[in-house]
Structure formats: C-alpha cells, structure tokens
There are 2 protein chains.
Amino acid sequence: MKNLTDRQTEILEFIQRTLRDSGVPPTRVDICAEFGFSSPNAAEGHLKAIAAKGYIELMRHSRGIRLLVEQDAPLTNQYELPLIGNIAAGQPIMAEENIEETVRIDPELFHPRADFLHRVSGHSMKEVGILDGDLVGIHYQPDADNGQIIAAAIYDRRSGREGITLKRYFRRGNKIRLESENSDPEYTTIEIDLVQQDEDSQEAAQFRIAGLYAGLIRRPR
Amino acid sequence: MKNLTDRQTEILEFIQRTLRDSGVPPTRVDICAEFGFSSPNAAEGHLKAIAAKGYIELMRHSRGIRLLVEQDAPLTNQYELPLIGNIAAGQPIMAEENIEETVRIDPELFHPRADFLHRVSGHSMKEVGILDGDLVGIHYQPDADNGQIIAAAIYDRRSGREGITLKRYFRRGNKIRLESENSDPEYTTIEIDLVQQDEDSQEAAQFRIAGLYAGLIRRPR
DNA sequence: TACAGTAGTGTATGAACATACAGTATCACT
DNA sequence: AGTGATACTGTATGTTCATACACTACTGTA
C-alpha cells in the first residue's frame, strides 16, 4: 500500500478520531473546520488521494467514508497461499524466490485443496471461463488423468526458468498432448514425446506437471 | 432502561447492521426504504422514540445516530463471508435466514471489498468468464454506474422472495436496462421504468441493486 | 370516556452535503 | 524546461437530509 503524505496521515487520523468519538464519519466541511481550510474542495482532494491509496473507501452519500485500515493489528492466520509466477532453475516450486505475493485464502476452499496460486497470463483457457489475470489454485501433484486441466511447467531456455501455463492434459503411451481451451487458431496444441525428451534433454521442450487446476479467484482491476 | 417495542427493536437492529456493514449510520430515507415506509416522518418518529428510551442518541446533523448500547458481536468475522441465495420477503440481505453457508475468505481479496457472496446460476454472464456455480463476491452498495456489473435483486411474486442475478447495469433517466453477457438470444435484456415501478408496484418487475460485482471464486465439482 | 403511546401517510422547507470546474502555488524529478 | 503530485482558494449546483406541521388509526389503561 502506497505511503500517505504527512497531511494525508493527519486527515486519516482525524477521520479515525471522529469515528471513534462520535460514531459518524466527518463531512468535507468538518475536515475544513478542523484544519482551517476555506474550501470544501481541499478536503475533497485529500479524501480522493487517500482513497486512491487504498486507506479509505468513499461511498457517494453523505459522510460516506469507510475505513479500510484496522486501528488494531490485523489477525495473523495460517490461511495463506503463495502466488507463484515462474520458477527459478533448480529450485523447488515453493522456494521463496518464486513467491510473488502471499494471498490470504483458505486452501480448503478449492478441490482438491490448493497448495499454491498462479496468475493466469493470456486467454488460452477462455472457453472454460479462465481469463487473463485470474488467480488459479493449484494442487501440487506430479501426474494427472486424461482431460484434466493442469499447471504445466515448461522450461524456457532463454530465461533459464520454468513458466507455468494452464493446459488440458492428454497422454497416450509416451505421447503427451497439451491443449488450450480457445478455438482461436493461434492457440496451438503442444505435443511432446516423452522418449525424445529423455534422450535429448537439450533439444525438446522440457515439461513437467506442476499440479492440478483446483479452482480460481478473480480480483477485478 | 425502558423496553423497546418490536418495531423499534427492528429499527435499532437495522441501524446496528447498517453501521456494521457500511460503517455509516442510515438516514431516515434509508430506514423507509428498508421497512417500506412512504414517509420519512415514520422513521423520524421511531428514532425519537428509541432515543427517548435511551438506546441511541440523535445528533442534529446528517446520519447523526449514535448507538448507546453495545453492538453485539458481528455475525461474520473478519475473514468469513456469508453466501446469500435468494432473499426472504421483508428481510434484510444479511439476515440469517438468507445465509446458505459461510465461506472463509478475506473480504479484502476483492475490489471493492466483498460484503457477501452469491452463487451464480445459469450462463447469462458467460462472455465475461462468469459461469454457472461460481461464487461471486458482492460489494454492498445500493447504486451503480453505467456499465458496471451488479447483483440485481428482483422480486418474484410466486415465491415471495427476491432472487439475485448478475446483470450489466445501464440507466438513462428513469429507464433502467439490465443486460446479460451472453450473445445467445435466450438471454434477453430486462428493461425497467422506475416511474411505472413506483406507481404500479403490483405490476412491473420490482427491482433493486443488491451490490456491485467485485470478483469471483470457482470451486470445481 | 379520555388520554397517552404507538404506528403510520403526506407535504414542505431550509440547511447540510458531495462534488464538479477553474484557478494558484510549491516541490521533486527527469 | 516540463511534468506530475501535492496542497490549497473560490464558486456553483443539485441532491440528500433532518425535521416541522397536519392528519388518521389502533391499543392499552386509568
């Protein structure tokens, strides 16, 4: 969360004080009176800035100011999942280096239970309602059944990292097929031959199953 | 302290609920809307009676209602959201009767913060990746901007309940348009004339905004 | 029977409020 | 030298809000 300026902090504290003392948020005019402003627009500007930084929410009715910061310390709970972007070479998925963010969410919300989250990039799964930017819950599991949606970890030689992509998984013998859920022809099916991959690990697309798709969260904006 | 009448208790509870859910006390008009009064003076009378009995204090400015009784423990704790199906006649949204389930999730995960969840039924929002069975986070807010996705509470005369549906909201003057996000022709646009709705409440589709769409959770299976 | 309390409708009005637009000035950063 | 963020003044407007007045109707009670 972005830092407030000194003035904005003073104003936020005044809102907290007013709320605590009177039970009602202040109006723009109240703020002007407190700080000696002669224009309600001074207060309006500060409120918008504080709201833009995420400390309060402005509702459009009188005294519509809602605090989004708790006065007391937030609860610590164990319902957190790491958000994993791509994976550094040689590192386990959950290595701290790979964690972009920690999201407070109950792993049991998903089925099967999620071990980590991944932010979807692109529209390859559009047809099953998984969109760019969505956070998907992934259940760590190194194999999958035919037709299941998996998080595929695909090695990229240029970056030396593994990128995670959602794909629908099919295997017949040693041939693996990773399909997108988007009829647009640009979303091609990836085909991998396990024998080839083993024999010539420099050459073919290196691939493994990072886990099973177990649900998603969408946070607009 | 003198006892409150049943009606006065209901109103006091509504004030407590509004404060808890939105952080701001209700206006007289809010109370009228909640209880179906047609005159703000009905609310005013109740407030004066409740104040005279010492349960609240009235300050003479907008929303100047201060609770003088302990606010009982919140129904939902910080990291839980109620899952609301449809709404029993005359009940506030958050009434226990309407809660199907409680889901452990951080309301701040969504933007704007979610006040309750709703399970999507049908495919009317398929084109924006909202599918049947998804749980959507709803931010309690009685109005919306054009083009926003809202949870519309539409009264069903047969069941006597309000059903919640996601729609894209447009308003021009007194005409409201509720659009689906599915090009299939079976998903028609609902049009409502506010004037008609007021004049002939038996006839026209009764409708209100239950809140803003604020994100979703998908739990497969 | 009368009276006080409760529960409303209906109308009206002025003050309180949020908020938009048009400016000015300072400061840090590029 | 130019741009964006901050921190205001000043004015204006339309809506929201509290609240007063007048009136109906039901209920328990002294």
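Computed from a prediction, not measured in an experiment: that's the story for all the values here.
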### Derivation and outcome, side chain to side chain contact (heavy atoms under 4.5 Å, CB included), residues B/Ile105 and A/Ile105
CA-CA 6 Å; B/Ile105 195 162; A/Ile105 195 162; 4.3 Å; yes
### Query
Quick one: how far along DNA chain D does chain B reach, first to last nucleotide 5' to 3', anything under 4.0 Å to a heavy atom?
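That gives a stretch of D/dC17 to D/dA22.
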### Message
For C/dA7 and B/Lys48 - does any side-chain N or O of the residue sit under 4.0 Å from the phosphate oxygens OP1/OP2?
### Response
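Looking at the OP1 and OP2 atoms of C/dA7, neither is under 4.0 Å from any side-chain N or O of B/Lys48.
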### Query
Does the side chain of B/Arg218 come within less than 4.5 Å of A/Ile130's, by heavy atoms?
yes
## Note on the structure
The side-chain contact (heavy atoms from CB on, under 4.5 Å) partner of A/Ile65 among A/Leu12, A/Ile15, A/Thr18 is A/Ile15
### Message
Just checking A/Asp6: does its CG atom have more than 12 heavy atoms from other residues, nucleotides or ligands closer to it than 6.0 angstrom?
### Response
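Counting other residues, nucleotides and ligands, CG of A/Asp6 stays at 12 neighbours or fewer.
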## Note on the structure
Given protein heavy atoms under 4.0 Å, the one-letter contact record of nucleotides 8-18 of chain C, with B base, S sugar-phosphate only and - none, is simply SBB------SS
### Message
One character per nucleotide, please: for nucleotides 24-30 of chain C, 5' to 3', B when the base has a protein heavy atom closer than 4.0 Å, S when only the sugar-phosphate does, - otherwise.
### Response
-------
### Task
Applying side chain to side chain contact (heavy atoms under 4.5 Å, CB included), run through B/Leu216 and A/Leu216 and close with a yes or a no.
CA-CA 8 Å; B/Leu216 74 78; A/Leu216 75 78; 3.4 Å; yes
State whether [X] and [Y] are salt-bridged, where the test is any N-O pair (Lys NZ or Arg NE/NH1/NH2 against Asp/Glu carboxylate O) under 4.0 Å.
X	Y	answer
A/Arg161	A/Asp156	no
B/Lys48	B/Glu44	yes
B/Glu127	B/Arg168	no

### Task
Sort out the partner of D/dA30 for me: Watson-Crick or G-U wobble, both distances under 3.5 Å, none otherwise.
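Looking at the geometry, D/dA30 pairs with C/dT1.
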### Task
Take B/Asp115 and B/Arg113, measure what side chain to side chain contact (heavy atoms under 4.5 Å, CB included) needs, and give me the verdict at the end.
CA-CA 7 Å; B/Asp115 294 302; B/Arg113 81 179 249 148; 3.8 Å; yes
### Query
Going by the angle between their ring planes, with limits at 30° and 60°, are A/His46 and A/Phe37 parallel, tilted or perpendicular?
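Ring orientation of A/His46 relative to A/Phe37: parallel.
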